[in-house]
Amino acid sequence: MVSSKMAASVWKRCVTAAVKVKCLSPSLLARRWLLSAAYTDSKVWEAREKDPQNLAVLAANMDRTYERNLPVSSLTVSRFVDNISSREEIDQAEYYLYKFRHSPNCWYLRDWTVHGWIRECLKYGAREKALHTLKNKVQYGIFPDDFTFNLLIDSYIKDEDFKSACSVVEEVMLQEAFDLPSTQILSLYALGSYLATKPELTEPQERALGASLLICGLQQDNTIGLSAQLLGSALLGKVEVSKDIHAVFKGMPLSWSRGYLDRALAVMERVAAASGDVKLSKDTLDHVNDLLQELSSNSNSTSDTDSSGEESGGEEDKKQEAVDEKDEAEKARLPDYINRFKALSSQLESQGKVDSASFQALVTALAQQNLAAAEKVDLEQYQSRVQGWDSEKRQLIQREKEMKERAEQEKRERLAAKTAAQQG
């Protein structure tokens, strides 16, 4: 009898645990399939040939070199970053990265130095420094590769800091570095997770998110990719209608052509005409609908304000009118865009091409299916890349040694010539 009760109790606990696992949110499940321990492990990186240095001596040598207006070598900066051993030294390294970027040798910051800098920031709890130097890349020269971007995005996702993860994705977008499938998956997950929190977005944030969704979405010819293209184009279209086309493409790798809302609707038309199983997520369509309604409301309130004000002329107004004529024509098409959206939404619904799953859930499923295979390819390429970096670094060290020997030889020859001249 006691044994029977114990068995029933164990069975009940197992069933309860199973139900809890099944009901976990996507964000909790995400921890199981984000970048693996093998991907984020620094074993391959730490196995490189060591070049131990005294940072105090390196810093003093760099300071003297800069004071004499001479260039510091990229190898010296690399050695400093490679030998960081504390959080305080992260701040020192940041200073010398800045100094190097503003020196004649600024173009020669090594790829492995950038990778090492991000790794050291993550290792010593200075992730905000990594993001700061990345956002201010022109001042620090921090232009990471895909693998390094992945490490930083993943660290923010695992802490559920989706806003910061999207800040990194924005930098990926600006570098147009969505080549790796793993980077695409992590970026789309970060974007989808952040949007799922329904944040109050500023215009610059809408622009950055829109461009990131559009450019990353172009790499995926499926429901996820097309949904990302739709929302990305719509967000950019909102900025275009609210401001002008220059507010959209300035500083962005985007088309200068007007009509981003038209491009969003073209994505819907493409899905409606497709013969395959491609769809658009319902929450994406809802987001675009809300966006169009907001634009319509703002447009109506602006019209009321303009009609109640006094008309003004003058040279400046005429000039502004001429400049904004095409932008105003695009804004005037908003009612047509709204009608087309409603018609296309109904068509997609009737065709069964609206996926009830959320964009975030779709990306979660994509990651569960494809991220492990993508990781394997990345790790193979990373190991090869680290070997290439080591080879290049050895060549630089050998070249430095030969230059020092040559300089010493020339110094001895000058001294010998000076001595001979004095004796003569």
Taking all heavy atoms of [X] and all of [Y], pick out the closest pair and write down the distance.
X    : Y    : result
E330 : G259 : OE2-CA, 3.5 Å
G116 : W45  : CA-CZ2, 3.5 Å
L230 : A264 : CD1-O, 3.3 Å
P52  : N83  : CA-OD1, 3.4 Å
Q175 : P144 : NE2-O, 3.3 Å
L131 : S167 : CD1-CB, 4.2 Å

Measuring from atom [atom1] of [X] to atom [atom2] of [Y], what distance do you get when rounded to the nearest 0.5 angstrom?
X    : Y    : atom1 : atom2 : value
E128 : T133 : CD    : OG1   : 10.0 Å
Q229 : I224 : CD    : CD1   : 12.0 Å
S164 : K135 : OG    : NZ    : 9.5 Å
K282 : D355 : NZ    : CG    : 11.5 Å
T40  : E375 : OG1   : CD    : 8.5 Å
F147 : D111 : CZ    : CG    : 14.5 Å

Flag side-chain contact, heavy atom, 4.5 Å: [X] against [Y]:
X    : Y    : answer
L226 : K279 : no
P253 : L174 : yes
E120 : E89  : no
Y260 : S255 : yes
L231 : L191 : no
N222 : V278 : no
D145 : R385 : yes

[X] side chain to [Y] backbone, donor-acceptor under 3.5 Å:
X    : Y    : result
D244 : A247 : yes
E170 : A208 : no
S297 : Q293 : no
E240 : L236 : no
S346 : K342 : yes
T65  : N61  : yes
T113 : L109 : no
D159 : D161 : no
N339 : P335 : yes
K129 : G125 : no

[X] and [Y] ion-paired at < 4.0 Å:
X    : Y    : answer
R340 : D262 : yes
R270 : D221 : yes
E294 : K238 : yes
R79  : E400 : yes
E392 : R110 : yes

(message) Counting the benzene-type ring for Trp, do Y140 and H132 have ring centres under 6.0 Å apart?
(response) yes
(message) Centre-to-centre under 6.0 Å for Y382 and H115, is that the case here?
(response) yes
(message) Walk me through whether R263 and S233 qualify under side chain to side chain donor-acceptor pair (under 3.5 Å).
(response) CA-CA 6 Å; R263 292 183 192 115; S233 297; over 6 Å; no
Between [X] and [Y], is any side-chain donor less than 3.5 angstrom from a side-chain acceptor?
X    : Y    : answer
D283 : S281 : yes
T76  : S73  : yes
Q184 : Y189 : no
S182 : D378 : yes

(message) Tell me if the CZ atom of R399 is crowded by more than 12 foreign heavy atoms within 6.0 Å.
(response) no
(request) Kindly check if the number of other-residue, nucleotide or ligand heavy atoms within 6.0 Å of OH (Y66) is above 12? (result) yes
(message) Could you walk me through whether I84 and Y124 satisfy the side-chain contact (heavy atoms from CB on, under 4.5 Å) test, starting with their C-alpha distance in whole Å, then the side-chain angles of each, then the deciding distance to 0.1 Å, before giving a yes or no?
(response) CA-CA 9 Å; I84 290 172; Y124 291 105; 4.0 Å; yes
(request) Taking the six-membered ring of W112 (Phe, Tyr or Trp), confirm whether the NZ or CZ of R48 is under 6.0 Å from its centre and within 45° of its axis. (result) no
(message) On the six-membered ring of W117, is R119 placed so that its NZ or CZ lies under 6.0 angstrom from the centre and within 45° of the ring axis?
(response) no
(request) Run through Q53, K393, K50 and flag the one making a side-chain hydrogen bond (donor to acceptor under 3.5 Å, both in side chains) with D82. (result) K393
(request) Given salt bridge (charged side-chain N to carboxylate O under 4.0 Å, His left out), test K243 with D327 step by step and report yes or no. (result) CA-CA 8 Å; K243 294 291 185 180; D327 288 320; over 6 Å; no
(message) One pair to check against salt bridge (charged side-chain N to carboxylate O under 4.0 Å, His left out): R64 and E67. What are the steps and the verdict?
(response) CA-CA 5 Å; R64 282 197 300 270; E67 286 171 4; over 6 Å; no
(message) Is there a side chain to side chain donor-acceptor pair (under 3.5 Å) between Y39 and D154? Walk through the geometry before answering.
(response) CA-CA 10 Å; Y39 199 102; D154 178 71; over 6 Å; no
(request) Report the relative orientation of the aromatic rings in Y96 and F80; use parallel for angles under 30°, tilted for 30 to 60°, perpendicular for over 60°. (result) tilted
